[in-house]
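These notes are about the structure you will find just below.
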Amino acid sequence: MSNEQRVPSNEVKEKESDWLRLPLDSGYRGSRLLAEACPTCPSVFFLTRCSLLVARCFFLAALLCIWVSCDARREHTLAGRTMGTTYAVKVVTGRFGSVAGLQEKIDRRLDEINRSMSPYLTESEISRFNRFHQAGVEFPVSADFLRVMKVAARIHALSEGAWDGTVNPLVDLWGFGRAGRAVQVPPAEKIAAVLADVGFSKIDIRDSGALVKREAPVTLDLSSIAKGYGVEQVADVVRAAGFADFLVEIGGEVVAAGVRTDGLPWRVGINRPKPEAGVHEIYKVVSLKDRAFATSGDYRQFFMQGGIRYSHIIDPRTGYPVANRVVSVSILADDCTLADGLATAVMVMGADKGLAMIDRLETVQGLIVVEMPDGSLQEHASQGILLEPAPR
């Protein structure tokens, strides 16, 4: 995932009752509810004309009907802020199900991840690692940091270096980082100098729980996969609390488990990849059940110079912004950390190489959107991906 600010939630709004809101709650209406829920059940007057045994049977049946009616599924929404963006968690329970205490557990877990991988916190693990200027010396890291680095190494290998967690000095140089916004192309010699300190292979990942810099100046920024990891960890918290049907979203990255209140898969919308598009303007819709989803795009952050568009997606192999006309990549996978990183990797790889890589991965599907010279959008969809048109 790129560092762009995207829609806080990708969930689509079509029919309110079908997409986000629960059906109107009729509430408990005693015998009227029983009669409406079970029209074939006899009325209370039947009890005076039946044997005690039959009456007991129908009484138990009536209690069952009331219990079933009162146990209708409902959706709870928890929301907050993390990692410089927002999060939302939708949890489906029975009518009397409770999510008490769940948000506190979620916030605690997200705080742990932030204290590990936030480049904005001066005493986070990643900030201390970046200040650690000793080559060949082990830097101990937490289990969270180690897990993310192992996924990062896999994405780096799969993409042949198109994704690289050490690229951030180049992002800063081009004016798309925390240092402030630039509006012109940096000098070629400056790009070359910064590029010399970029390279994921300059860091060794040791199973003992440590990182080792091969070259002291190398630094890390895992923002393009940390949100995906955060989504996965929140999903684990929700599962551990005993819930099977839920949706977790952080800054547009999603894990969907089970089904919605109506028994159907969760539906997520992909923003129309145009600078002028509204944040709720939907391009395509994907249905998710027990899947992760992530989107990256370059249509929000860029500058123009000499009639050329320079985006914030930097190729770590060249030091320059990508110019392959890919404006949006959406990835479905079993793991959101992987989906998050692959979405950014394919932005750099381009449509042909990116699609070939996606199709080689058995449990991964993707949609690549390319902007043509005339401004129209061309889709490149992988094998097995099912997309719906945007709602009208």
Side-chain angles (χ1 to χ4, degrees), residues 1-10 77-91 99 101-132 139-153 155 163-169 171-172 176-179 203 205 209-211 219-241 246-255 292-296 312 335-341 343-344:
M1 171 179 148
S2 66
N3 290 327
E4 71 205 60
Q5 294 294 320
R6 293 203 305 281
V7 189
S9 174
N10 278 337
T77 299
L78 307 174
R81 296 196 63 82
T82 188
M83 301 182 186
T85 183
T86 60
Y87 76 79
V89 180
K90 295 178 179 292
V91 181
V99 294
L102 183 58
Q103 183 149 17
E104 182 181 351
K105 294 177 182 178
I106 290 171
D107 288 339
R108 187 183 308 122
R109 187 70 184 101
L110 288 172
D111 183 60
E112 291 172 349
I113 296 168
N114 260 320
R115 284 188 278 111
S116 173
M117 283 169 278
S118 172
Y120 294 92
L121 299 178
T122 57
E123 291 307 312
S124 66
E125 283 187 278
I126 198 165
S127 294
R128 288 187 287 108
F129 175 80
N130 289 342
R131 294 195 300 268
F132 186 72
F139 182 91
V141 295
S142 65
D144 284 326
F145 206 134
L146 187 64
R147 281 194 290 265
V148 172
M149 285 296 289
K150 287 184 175 181
V151 177
I155 297 169
W163 183 93
D164 194 309
T166 69
V167 74
N168 201 62
V171 176
D172 286 339
F176 296 110
R178 294 180 295 277
I203 300 173
I205 305 168
L211 305 180
T219 60
L220 277 170
D221 189 323
L222 301 174
S223 299
S224 61
I225 57 176
K227 289 187 181 68
Y229 182 73
V231 170
E232 284 293 335
Q233 295 307 301
V234 171
D236 285 348
V237 170
V238 177
R239 289 190 192 97
F246 58 85
L247 181 140
V248 178
E249 175 266 334
I250 299 177
E253 322 303 17
V254 174
V255 163
F293 174 84
T295 296
S296 183
H312 75 293
D335 177 84
C336 201
T337 316
L338 179 65
D340 202 357
T344 301

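Excluded from the calculations below are hydrogen atoms, water molecules and symmetry mates; all remaining heavy atoms, backbone and side chain alike, are included.
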Can you tell me how far the [atom1] atom of [X] sits from the [atom2] atom of [Y], to the nearest 0.5 Å?
X    : Y    : atom1 : atom2 : result
D111 : I106 : CG    : CD1   : 13.5 Å
T122 : N130 : OG1   : CG    : 12.0 Å
S296 : W163 : OG    : CH2   : 12.5 Å
F132 : S127 : CZ    : OG    : 15.0 Å

Legend entry - Lys/Arg-Asp/Glu bridge criterion (N-O < 4.0 Å) met for E104, R108: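 Salt bridge: yes.
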
Backbone of [Y] reached by a side-chain donor or acceptor of [X] within 3.5 Å:
X    : Y    : answer
S124 : L121 : yes
N168 : L220 : no
T77  : K90  : no
Q233 : L110 : no
E232 : C336 : yes

Inset, instruction - Check side chain to side chain contact (heavy atoms under 4.5 Å, CB included) between E123 and all other residues, then give those that pass, not counting sequence neighbours. - result: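 E123 satisfies side chain to side chain contact (heavy atoms under 4.5 Å, CB included) with R128, R131 only.
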
Inset, instruction - For D144, enumerate each residue passing the salt bridge (charged side-chain N to carboxylate O under 4.0 Å, His left out) test, keeping only those at least two apart in sequence or located in another chain. - result: R109, R147

Inset, instruction - Apply salt bridge (charged side-chain N to carboxylate O under 4.0 Å, His left out) to R81 and list each qualifying residue two or more places apart in sequence or on a separate chain. - result: none

Side-chain contact, heavy-atom cut-off 4.5 Å: [X] with [Y]?
X    : Y    : answer
V234 : Y87  : no
D221 : V167 : no
L102 : V237 : yes
M117 : V148 : yes
V89  : Q103 : no
Y229 : D340 : no

Inset, instruction - Taking all non-hydrogen atoms of both residues into account, name the closest pair between D335 and A292 and its distance. - result: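 Result for this residue pair: C-CB, 3.6 Å.
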
Inset, instruction - Check E125 against F145 and note the closest heavy-atom contact, atom names and distance. - result: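 Heavy atoms only, the tightest pair is CB-CD1, 3.6 Å.
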
Inset, instruction - Show the numbers, then the answer: is there a side-chain contact (heavy atoms from CB on, under 4.5 Å) between M149 and L222? - result: CA-CA 8 Å; M149 285 296 289; L222 301 174; 4.1 Å; yes

Taking side chain to side chain donor-acceptor pair (under 3.5 Å) as the test, write out the residues that go with [X], two or more places apart.
X    : result
T82  : N114
T219 : none
K105 : none

Inset, instruction - Using side chain to side chain contact (heavy atoms under 4.5 Å, CB included) as the criterion, point out the one residue from I155, T344, L338 that pairs with I225. - result: I155

Legend entry - Stepwise side-chain contact (heavy atoms from CB on, under 4.5 Å) test for V255 and L247: CA-CA 6 Å; V255 163; L247 181 140; over 6 Å; no

